[in-house]
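Letters A, B, ... are given to chains in the order of the sequence lines, protein chains preceding strands, and every chain is numbered from 1.
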There are 2 protein chains.
Amino acid sequence: MATRTAAQQRNEAREAYDAFMKECPTNQLLARISDKWVSLIVSALGEQSPMRYSDLGRKIPGVSQKMLTQTLRSLERDGLVARTVTASVPVRVDYELTALGRNLCCLLTAVKEWAEKHFDEVDEARTRYDETA
Amino acid sequence: MATRTAAQQRNEAREAYDAFMKECPTNQLLARISDKWVSLIVSALGEQSPMRYSDLGRKIPGVSQKMLTQTLRSLERDGLVARTVTASVPVRVDYELTALGRNLCCLLTAVKEWAEKHFDEVDEARTRYDETA
DNA sequence: CCGTATCCCGCACGATACTG
DNA sequence: CAGTATCGTGCGGGATACGG
């Protein structure tokens, strides 16, 4: 049992690799931002702010309550959006971008505008690709 | 068999609805771009181009063969990257951004740089949030 | 070297129902 | 109105093996 199998060695290598990778914070943050709900919510709040919970739900097509709440919570945790509760009947909750959030929003709306601008080219490329297949 | 069942009609209506109303095509494209593998691959190709398949695999941490191939294919289909096969032994395949891809790349690397720059603030916000909990 | 094909697991996500 | 709680499932995506 002194001998180490190839599988074991591969596993150890993989674990070491994983451990190293977990420490690369930049990619993690990038992956968090590169999420479709994140970009949709942030850009929605960029256009109009503050917005109520239900406003966001109506503005963003196809989002479920769960994902809306979940994403908003994570954005709040990351300090990108601020949540304000107005205790009344019925309760009113507003969301708006923080300074940091507005900062990021510029970049994301730039991406969104890129999508609007170049959609035709992409669509064209797709049909061309599919025809050749 | 000439009659169309109510279920069929409902289905067709639903599909038409989904196709058109679900959300403007812009948001779909935005969702496609807001994918972590997409952003990682595009930004990798932005730094250095052209790159071989295995180079990309080595450069991007934690990507599987499957996701690498899959994402590259979709990017090729969307006209964002170009794939060049050099028939030799062994085969050599190079990937590089198209003009459209380079265009998008500027924006994505801006996002990546944002992530690098503001990571500390985000991390700080997180610990603050977790403490208050 | 550059993939494609296959299996399979976990969890992201949606649907639904319930509270303050 | 603004959420939580719970359950079911589809599919993203990893591991493995094989083909050109």
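Between A:Tyr53 and the phosphate of D:dT4, there is no side-chain N or O to OP1/OP2 separation shorter than 4.0 Å. Side-chain nitrogen and oxygen atoms of B:Tyr95 include none within less than 4.0 Å of the OP1 or OP2 phosphate oxygen of C:dC2. The shortest distance between the side-chain N/O atoms of B:Arg52 and the OP1/OP2 oxygens of C:dC2 is below 4.0 Å. For the OP1/OP2 pair of D:dA2 and a distance below 4.0 Å, the side-chain nitrogens and oxygens of A:Ser54 include at least one atom meeting the criterion.
In this structure, B:Arg126 does not pair ionically with B:Glu121, as no charged nitrogen and carboxylate oxygen lie closer than 4.0 Å.
Checking D:dG3, D:dG20, D:dG14 against the side-chain heavy atoms of B:Trp37 singles out D:dG14 as nearest. Distance from the side chain of B:Val93 is smallest to C:dC2 among C:dC2, D:dC1, D:dA2.
Between the CG atom of A:Asp94 and the C1' atom of D:dC1 there is a distance of 12 Å, rounded to whole Å. Counting to the nearest Å, the P atom of D:dG13 and the CD1 atom of B:Ile60 are 14 Å from each other. Atoms NZ (A:Lys36) and P (C:dA12) sit 15 Å apart, rounded to a whole Å. Separating the CG atom of A:Leu68 from the P atom of C:dG14 is a distance of 11 Å, rounded to the nearest angstrom.
Side chains of B:Arg102 and B:Ser49: no donor on one and acceptor on the other come within 3.5 Å. A donor and an acceptor atom, one from each side chain of B:Thr109 and B:Ser43, are nowhere located under 3.5 Å apart. Checked by atom type, the side-chain pair B:Tyr53/B:Thr69 shows a donor-acceptor distance below 3.5 Å.
The nearest heavy atom of DNA chain D to B:Gln65 and to B:Gln70 marks one nucleotide each, and the one closer to the 5' end goes with B:Gln70. Mapping A:Met67 and B:Leu72 onto DNA chain C by nearest heavy atom places B:Leu72 at the nucleotide closer to the 5' end. Mapped onto DNA chain D by nearest heavy atom, A:Arg73 and A:Lys66 fall at different nucleotides, with A:Arg73 at the one closer to the 5' end.
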